[in-house]
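Below, read A as the first sequence line, B as the second, and so on, with proteins coming before strands; counting in each chain starts at 1. Because the structure is predicted, anything quoted here is derived from the model rather than measured.
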Amino acid sequence: MAQKPRSDTHRLGKPLKRAFFDRSVHEVAPDLIGTTFLVGGVGGIIVEVEAYHQTEPAAHSFNGPTPRNQVMFGPPGFSYVYRSYGIHWCVNFVCEAPGSASAVLIRALEPTHGLAAMRRRRGLGDEQSLCSGPGKLCEALGITIAHSELPLDRPPIALYARSETPEIDIGMRIGITKAVDLPWRYGVKGSKFLSKRFPS
DNA sequence: CAGGTGATGCCCT
DNA sequence: GGGCATCACCTGC
């Protein structure tokens, strides 16, 4: 029998304001660790993210604005959803001043809200694998391209401040082929809900 | 548990 | 037409 969901015992913090994202992506990314991310009331605690910035070739914005990535060049506090490998969706939060074209990729959640809905969408019972990857968490939360370019402080999206400050691991980003040596991946130290363990 | 690989859509050159 | 900010499943240790 699975352990009791954490949502039974922990309270949500204050809603994040859109101004939270009007800072350097390198400040926002680690600050997002431990916050709660819900879509339509379903989601959990962010345990892993990566930062991307226009000045670095792994970013979708590196080659300038296109129809797909235009939201990255707009104001902070909006979602950017793209299709990955033709199969999965991945979600980012746009950061910094308009034109900086930086964003935080949400890579893993600790599921806390709507476990039944997530299991149904994922076709899985294993709680540890529900949201342990950028494509997995989008499937669990029902995120598609229809959720791109939406404000992060209005329904159906909700973000809540962390109630405790977790110990944070920092490492190289995963699954990319360019700018592989930038340590722009952040995660909750020792979390069982990461997409991959941080090297010790 | 680590490593290799096929599936699959679409953006951009 | 090339190249992916991935996942699940298979192998072999």
Applying the Watson-Crick and G-U criteria (both distances under 3.5 angstrom) with [ ] for crossing and | for other-strand pairs, one obtains for DNA chain B |||||||.||||.
Measuring only between side-chain heavy atoms, which start at C-beta, is Leu32(A) closer than 4.5 Å to Phe20(A)?
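Leu32(A) vs Phe20(A): side chains touch.
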Should Tyr82(A) and Asn69(A) count as side-chain neighbours, where that means a heavy-atom distance under 4.5 Å?
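A side-chain contact is absent here, since even the closest heavy-atom pair is not under 4.5 Å.
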Could you tell me which residues satisfy ring-ring contact (aromatic ring centres under 6.0 Å, His included) with Phe21(A), sequence neighbours excluded, listed by chain and number?
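In terms of ring-ring contact (aromatic ring centres under 6.0 Å, His included), with neighbours along the sequence ignored, Phe21(A) is linked to Phe93(A).
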Salt bridge present between Glu139(A) and Arg122(A) (N-O < 4.0 angstrom):
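Counted as a salt bridge, because a side-chain N and a carboxylate O are separated by less than 4.0 Å.
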Per-nucleotide protein contact along nucleotides 3-10 of chain C, 5' to 3', at a 4.0 Å heavy-atom cut-off (B base, S sugar-phosphate only, - neither), is -SBBSS--
Would you say Arg154(A) has more than 12 foreign heavy atoms packed within less than 6.0 Å of its CZ?
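No, CZ of Arg154(A) has 12 or fewer neighbouring heavy atoms, counting only those of other groups under 6.0 Å.
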Within the distance-only criterion (no hydrogens, no angle test), does the side chain of Glu110(A) pair as donor or acceptor with the backbone N or O of Val47(A) below 3.5 angstrom?
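Not confirmed, Glu110(A) side chain does not pair with Val47(A) backbone.
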Pair Thr55(A), His53(A) - check side-chain hydrogen bond (donor to acceptor under 3.5 Å, both in side chains), show working.
CA-CA 5 Å; Thr55(A) 53; His53(A) 193 278; 2.9 Å; yes
